[in-house]
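I have placed the structure first, in the form of structure tokens, so that the comments after it can refer back to it.
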Amino acid sequence: MPEVLTTVTMTVNGQRVARSIEPRVLLVHFLREELGLTGTHVGCDTSQCGACTVLLDGEAVKACTVLAVQAHGATVTTIEGLEGTRLHPVQEGFWAKHGLQCGFCTPGAMMTAAYLLSQNPHPSEAEIREGLDGVVCRCTGYETIVRAVQHAAALMSEVSETSGAEDVD
Amino acid sequence: MLTAPFEFRRASTVNEAADWLQQGTEVKLLAGGHSLLPLMKLRLAAPAMVVDISGIPELHGVIAHDGVVTVGAMTRHVEVVKNPLILAEAPLLSQTAAVIGDVQVRNRGTIGGSLCHADTAADLPAAVLALDAQMVVSGPDGVRKIPASEFFVAPFVTALGPQELLVAVEVPSMPSDAVSTYLKRPHPASGYPVIGVACWVGYGGATVRLAITGIGPTVFRAAEAEAYLAAHGLNSSSIGEAARLAAVHAPVEDDITGYKRQLVSVYVSRALQHTAKGKN
């Protein structure tokens, strides 16, 4: 069956992009092959490992189990778009606490952690482990990933306390 | 992994989706995609046309009215977990959705998609069966309701007609004194329940519901255990016999070693103990 190309438009890391693609193109392949954003990894390709996690309209999703056409009109953030003018606290945390060994799961682990902290700025250790349930680290370096996220949470609360210093408190 | 090629359509109304379903080619409806896309990537499914129904407004939203909570088919698991109406009226549904897959899966997967996929090892069928929910279905002959007890026909087979789609799930409100539990043993690799037990007790103990997923060919109610508990009350001495009854009557297949019945006994017992303590 000849495939009809479909036009998709989305905002990726702040930039509006449009491409004509086959409908069967997965979001992760769209990001990596159409846009050249190879920070998002393909691990298991069966929605288990979480290496392909990106933010879709601010929510962590596995990009190997989303068609690019399903992200039409959406906003996508990949690991390349996580930092602003400086490293994201999650990136600082992974750096400071050795949250990676081989680094393969790291982009997905960081995006999942960033999503967790956006939902719950002060997670307990149990909540961090639950929040990272959808990420598999093949080096089994979970302990340092948890410490990295705890460090990131502390950094983020420092920043928000400092920025709130001139307010009521 | 790439799926087989397919024609892609976006439906903006239920009627539009229904029109495509009636075209005669193999058409699949795409909600969140967390059941359908894995099958298509493995080429276990290769529909000629995929219709994205996520943009149909009628399939979204949760409302409560006249003792019933109506949950739109496109409601994602993460929304079922947090929705105040569901938490207040049918907390068992939220408890169950909270342990589906993982965070990323719950952000995309939908209640309608999971129920229509009817995986033997899905979590939600246990909750909707224990809650006596009704599936609101739209088709060529209009709208009809299918009780959860008639919806799950066989593994991956529902009572939905080929040209019908699930619009919403109607869940009767649980009584104010209800206590409920969903307890699963996740498969260590997949996270799917090897067994999942949904139960609730209410109306002063007169109503007990126990639905079990994962371990039989389809989800099933432990009717004998329910009746025993309704007659004898839920307490430390009745739980053992209820668990035994559930295991003896469980419609499990290929259980040569007795492992499946053992799991039914242990998990029914644990779920009832949680419920008796008022733990959620």
Side-chain angles (χ1 to χ4, degrees), chain A residues 1-8 21-29 33 42 44-74 108-109 111-113 115-116 118-120 127-136, chain B residues 1-12 25-26 28-55 74 76-79 81-82 98-110 113 186-192:
Chain A
M1 187 184 80
E3 275 201 294
V4 181
L5 296 186
T6 304
T7 302
V8 294
I21 56 164
E22 286 184 61
R24 61 177 172 161
V25 171
L26 299 168
L27 180 59
V28 70
H29 292 141
E33 290 159 25
V42 182
C44 69
D45 207 3
T46 55
S47 51
Q48 299 283 334
C49 80
C52 63
T53 301
V54 300
L55 303 185
L56 182 63
D57 287 332
E59 293 182 322
V61 304
K62 291 176 176 175
C64 78
T65 310
V66 178
L67 295 171
V69 290
Q70 289 180 286
H72 180 65
M111 299 314 288
T112 309
Y115 171 71
L116 167 68
S118 76
Q119 301 293 302
N120 180 2
E127 287 169 336
I128 292 173
R129 290 180 187 276
E130 161 66 20
L132 293 171
D133 185 31
V135 175
V136 174
Chain B
M1 287 180 285
L2 272 177
T3 72
F6 56 85
E7 198 178 334
F8 181 74
R9 293 283 183 271
R10 286 190 184 89
S12 49
T25 51
E26 199 191 339
K28 278 285 181 190
L29 302 181
L30 177 67
H34 274 50
S35 298
L36 180 60
L37 290 178
L39 285 186
M40 289 175 63
K41 288 172 69 181
L42 294 169
R43 308 264 175 142
L44 294 171
M49 183 190 284
V50 171
V51 179
D52 184 348
I53 57 170
S54 64
M74 272 302 304
R76 295 173 300 141
H77 304 320
V78 63
E79 296 167 318
V81 174
K82 294 178 182 171
V99 293
I100 295 172
D102 53 46
V103 173
Q104 295 97 312
V105 169
R106 293 194 291 272
N107 280 343
R108 287 295 294 177
T110 64
H187 187 280
S190 71
Y192 278 92

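Lettering follows sequence order; numbering is per chain, from 1.
With rounding to the nearest 0.5 angstrom, the CZ atom of B/Arg108 is 13.0 Å from the NZ atom of A/Lys62. Note that CG of A/Leu67 is 7.0 Å distant from OG1 of B/Thr3, once rounded to the nearest 0.5 Å.
Between the side chain of B/Asp102 and the main chain of A/Asp133, no donor-acceptor pair closer than 3.5 Å is present. Proximity of a side-chain donor or acceptor of A/Arg24 to a complementary backbone N or O of B/Leu2 within less than 3.5 Å is not detected. With hydrogens and angles disregarded, a donor-acceptor distance shorter than 3.5 Å links the side chain of A/Asp45 to the backbone of B/Met1.
Contacts between A/Gln119 and chain B at a heavy-atom distance below 4.5 Å involve the side chain alone, from C-beta outward. For chain B, no part of A/Val28 is nearby; none of its heavy atoms comes within less than 4.5 Å. Contact of A/Thr65 with chain B is made through backbone and side chain together, with heavy-atom distances under 4.5 Å. Residue contact with chain A, scored on non-hydrogen atoms closer than 4.5 Å, involves the side chain of B/Leu30 exclusively. Looking at B/Arg9, there are no atoms closer than 4.5 Å to chain A (heavy atoms on both sides), in backbone or side chain.
Between chain A and the residues B/Arg106, B/His34, B/Met40, the most heavy-atom pairs under 4.5 angstrom are made by B/His34. The candidate with the highest count of non-hydrogen atom pairs below 4.5 Å against chain B, out of A/Thr46, A/Thr6, A/Val136, A/Val66, is A/Val66.
Across all their heavy atoms, A/Pro23 and B/Phe8 have their closest contact at CB-CB, 3.5 Å.
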With side chain to side chain contact (heavy atoms under 4.5 Å, CB included) as the criterion, how do B/Lys41 and A/Leu26 come out once you've worked through the C-alpha distance, each side chain's angles and the decisive distance to 0.1 Å?
CA-CA 10 Å; B/Lys41 288 172 69 181; A/Leu26 299 168; 3.7 Å; yes

